[in-house]
There are 2 protein chains.
Amino acid sequence: MTTEADMRGNRVLAAVPRPELDRLAEHLEPVTLKVGDMLYEIGGSVPHVYFPLTAVLSLITDVGNGHGHFVEVATVGDEGLAGLPVFLGAGPPSERATVQIAGSALRIGAEQFRHDVVVLDGGLQTAIQRYVQAMFTMMARNAACNRAHNIRQRCARWLLMTADRVHSDSFSLTQEFLAQMLGVRRASVSEVATALAADGCIRYSRGTIDVTDHERLQEHACSCYAVIRDAFAVAYEGLG
Amino acid sequence: MTTEADMRGNRVLAAVPRPELDRLAEHLEPVTLKVGDMLYEIGGSVPHVYFPLTAVLSLITDVGNGHGHFVEVATVGDEGLAGLPVFLGAGPPSERATVQIAGSALRIGAEQFRHDVVVLDGGLQTAIQRYVQAMFTMMARNAACNRAHNIRQRCARWLLMTADRVHSDSFSLTQEFLAQMLGVRRASVSEVATALAADGCIRYSRGTIDVTDHERLQEHACSCYAVIRDAFAVAYEGLG
DNA sequence: CCGCCTTTGTACGGTGGCGTACTCTAAAGT
DNA sequence: ACTTTAGAGTACGCCACCGTACAAAGGCGG
């Protein structure tokens, strides 16, 4: 059981109208997520659907080939949910879902979720479909970004997106972790981070990052940041 | 108006049960698509939803920044449809849809499509949702592939996927075009193509490619080929 | 048959990011 | 207080791929 205030902290749930939301509330369970927790695995089952409140999740795919074993393909914050395969119904996930930034989330059992979405067939279904479209934009952009933009640009974008999701200019993050998310060497992150800090965009020390100048940081980032942010804005336009 | 045989040539439509399909038939219009035709533009309206039969489409996104202006983020063949924004309902597309390999397709007006999907709420909705999940896998993999695999691997994968979609070992394709799809120099494609031909995987001459040895070509490709192919197989499992 | 255009082969120097490895320092444990 | 460890800075050689350029060759119209 969960309060309405909690639920409105997730933008997908916030877009669900009252009576439907009340029924969902009974099945939504608040949980605290720690960095590195795995919510579901590639090819495995998806026991719960997660609606992040303050946590940030990461969808990661395995590229068998080579040494840099995995690559982040999308992130999920309070603007979305993890567990779309339950909604879409075409077999197990092709990504791993892990916790990128610790925090809180609401979760619901996969069976219950399926039941609620199908039976109610109202606001939740619509909200998720709109979210799916924004996810498409994010992933498309991600693919293009990986092809076209350099490390500094991608790194700056990642920091901006994460700051947006945690609603704070400060969050826990080691360069090692960031390097894995970006699919690059830690050494490269170190160089870029030093440059960004020298330019006054960020400060950091032993696992804590502070974004000190969003605008200037955005100048270092590629246009993908704005494109993705806007895609989510459009998806939730007039929905709550 | 369209015959059932035509409709069964597209795997999404093939998954729709009889009575529902009959009603769709009235509104599906057969069209012939030429290379380079643009079906819809980034941020523009989506007048029709397309179900390819023999044509292959390409979803392309603009990366403003730099010279290699655009990057392919997904392809659509007879296993899918183009125009998902109409289905998902969260604003205009963030990709351009163009024709990659000429051929036939069925199309339906966006308004009519929305009407049919919502009112009927049956097999088509389910089939599309499953397709959406497979598309997720493709795009996720694309993003990872762009980060992790070299030109030879990506080129080989692209050729294999295209051969699958056109159901033929031979199709029209210039190196210039392929280079744009992969987001690399034409010169790089030329080098890779020469190597693949020397290895007996492909033959080609002035705009026509022949895949002469799928298995050997697959050895040059990355695992992304099999992963994506299998994702679509799972999506359509037991659906028709 | 000739000239033109498209498609392809090939070469050159430049560079962004890689793999690796070593150092330094702040924090955490005992 | 002393050790250990995690986080971060830096350097070196290397290579895949880039931008660019030019030449060869197949196809097409005149």
Side-chain angles (χ1 to χ4, degrees), chain A residues 34-36 63 65-71 101-102 144-159 170-199 201-210 220 222, chain B residues 35-36 63 65-71 144-159 170-199 201-210 220-222:
Chain A
K34 292 189 301 295
V35 175
V63 289
N65 186 7
H67 346 20
H69 312 87
F70 41 86
V71 178
I101 305 281
C145 192
N146 278 342
R147 194 90 283 287
H149 301 138
N150 64 32
I151 294 186
R152 181 174 47 81
Q153 292 174 305
R154 283 184 282 130
C155 186
R157 167 163 87 87
W158 199 96
L159 294 176
S170 180
F171 46 92
S172 287
L173 184 73
T174 65
Q175 296 189 355
E176 173 69 38
F177 187 84
L178 180 51
Q180 289 200 328
M181 291 303 107
L182 295 174
V184 302
R185 292 178 315 151
R186 183 195 55 77
S188 296
V189 170
S190 185
E191 284 156 10
V192 166
T194 304
L196 292 178
D199 195 41
C201 305
I202 64 174
R203 264 184 292 116
Y204 61 96
S205 147
R206 303 191 69 71
T208 302
I209 290 246
D210 282 83
H220 287 282
C222 46
Chain B
V35 174
V63 288
N65 187 7
H67 347 19
H69 312 86
F70 41 86
V71 178
C145 192
N146 279 341
R147 194 91 282 288
H149 302 137
N150 63 31
I151 294 186
R152 182 174 48 79
Q153 292 174 305
R154 284 183 283 132
C155 186
R157 168 164 87 85
W158 199 95
L159 293 175
S170 180
F171 45 92
S172 288
L173 186 72
T174 65
Q175 296 188 355
E176 172 70 38
F177 188 84
L178 180 50
Q180 289 200 326
M181 291 301 106
L182 295 174
V184 301
R185 292 179 315 151
R186 184 196 55 77
S188 296
V189 170
S190 185
E191 284 157 9
V192 166
T194 304
L196 293 177
D199 195 42
C201 304
I202 64 174
R203 265 185 292 115
Y204 61 95
S205 144
R206 304 193 67 70
T208 303
I209 291 246
D210 281 82
H220 287 282
C222 46

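Each chain gets a letter, A, B and so on, in the order the sequences are listed, and its residues count up from 1.
Using five terminal pairs a side, the axes of the helix from C:dC1-D:dG30 to C:dT30-D:dA1 at its two ends make an angle of 30°, given in steps of 10 degrees.
Remark: B:Ser170 engages B:Ser168, B:Thr208, B:Asp210 in a side-chain contact (heavy atoms from CB on, under 4.5 Å) (not counting sequence neighbours). The side-chain hydrogen bond (donor to acceptor under 3.5 Å, both in side chains) test applied to A:Asp199 returns A:Arg216, A:His220, not counting sequence neighbours. A search for side-chain contact (heavy atoms from CB on, under 4.5 Å) contacts involving B:Arg185 returns B:Ala187, B:Ser188, B:Glu191, not counting sequence neighbours. With sequence neighbours left out, A:Arg206 forms a side-chain contact (heavy atoms from CB on, under 4.5 Å) with no residue at all. Remark: B:Ser205 engages no residue in a side-chain contact (heavy atoms from CB on, under 4.5 Å) (not counting sequence neighbours). Residues passing the side-chain hydrogen bond (donor to acceptor under 3.5 Å, both in side chains) test with A:Arg157, sequence neighbours excluded: A:Asn142.
Residue-to-nucleotide contacts include a donor-acceptor pair under 3.5 Å from the side chain of B:Arg185 to the base of D:dG19.
Looking at A:Gln153, its side chain does come within 3.5 Å of a backbone N or O of A:Asn150 through a donor-acceptor pair. Under the 3.5 Å distance criterion, the side-chain polar atoms of A:Ser190 are left unmatched by any main-chain donor or acceptor of A:Arg186.
Counting heavy atoms from C-beta on, the side chains of A:Phe171 and A:Leu159 come closer than 4.5 Å. Using a 4.5 Å heavy-atom threshold, the side chains of B:Tyr204 and B:Thr174 count as separate. Contact of the A:Val184 side chain with the B:Arg147 side chain is registered, since non-hydrogen atoms from C-beta on lie closer than 4.5 Å. Looking at B:Asn146 and B:Arg154, their side chains come closer than 4.5 Å, going by heavy atoms from C-beta outward.
Close to D:dG9, at under 4.0 Å from its OP1 or OP2, lies a side-chain N or O of A:Ser190. Side-chain nitrogen and oxygen atoms of A:Ser188 include none within less than 4.0 Å of the OP1 or OP2 phosphate oxygen of C:dG16. Between C:dG9 and B:Tyr204, a contact under 4.0 Å exists linking OP1 or OP2 to a side-chain N or O.
Look at CZ on B:Arg147: it is 13 Å from C1' on D:dC17, rounded to the nearest Å. In this structure, B:Gln153 places its CD atom 12 Å from P of D:dA16, rounding to the nearest Å. When rounded to the nearest whole Å, the span between CG of A:Asn150 and P of D:dG19 equals 13 Å. Following rounding to the nearest Å, A:Arg186 (CZ) and C:dC22 (C1') show an atom-to-atom distance of 11 Å. Whole-Å rounding puts the B:Leu196 CG to C:dT8 C1' distance at 15 Å. One can place CZ of A:Arg152 at 9 Å from P of C:dG17, the figure rounded to the nearest angstrom. Rounded to whole Å, the distance from CD on A:Glu191 to C1' on C:dG19 is 13 Å. Look at CD1 on B:Ile151: it is 17 Å from P on D:dC15, rounded to the nearest Å.
Using a 4.0 Å heavy-atom criterion, one finds that B:Ala187 contacts the bases of the nucleic acid, with or without backbone contacts as well.
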Could you list, one pair per line, each protein nitrogen or oxygen that sits under 3.5 Å from a nitrogen or oxygen of nucleotides 24-30 of chain D, together with the distance?
residue: D:dG26; atom: N2; partner: B:Arg206; partner atom: NH2; Å: 3.2
residue: D:dG26; atom: N3; partner: B:Arg206; partner atom: NH2; Å: 3.3

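Contacts of residues 170-184 of chain A with DNA chain C (heavy atom under 4.0 Å): A:Gly183, A:Val184.
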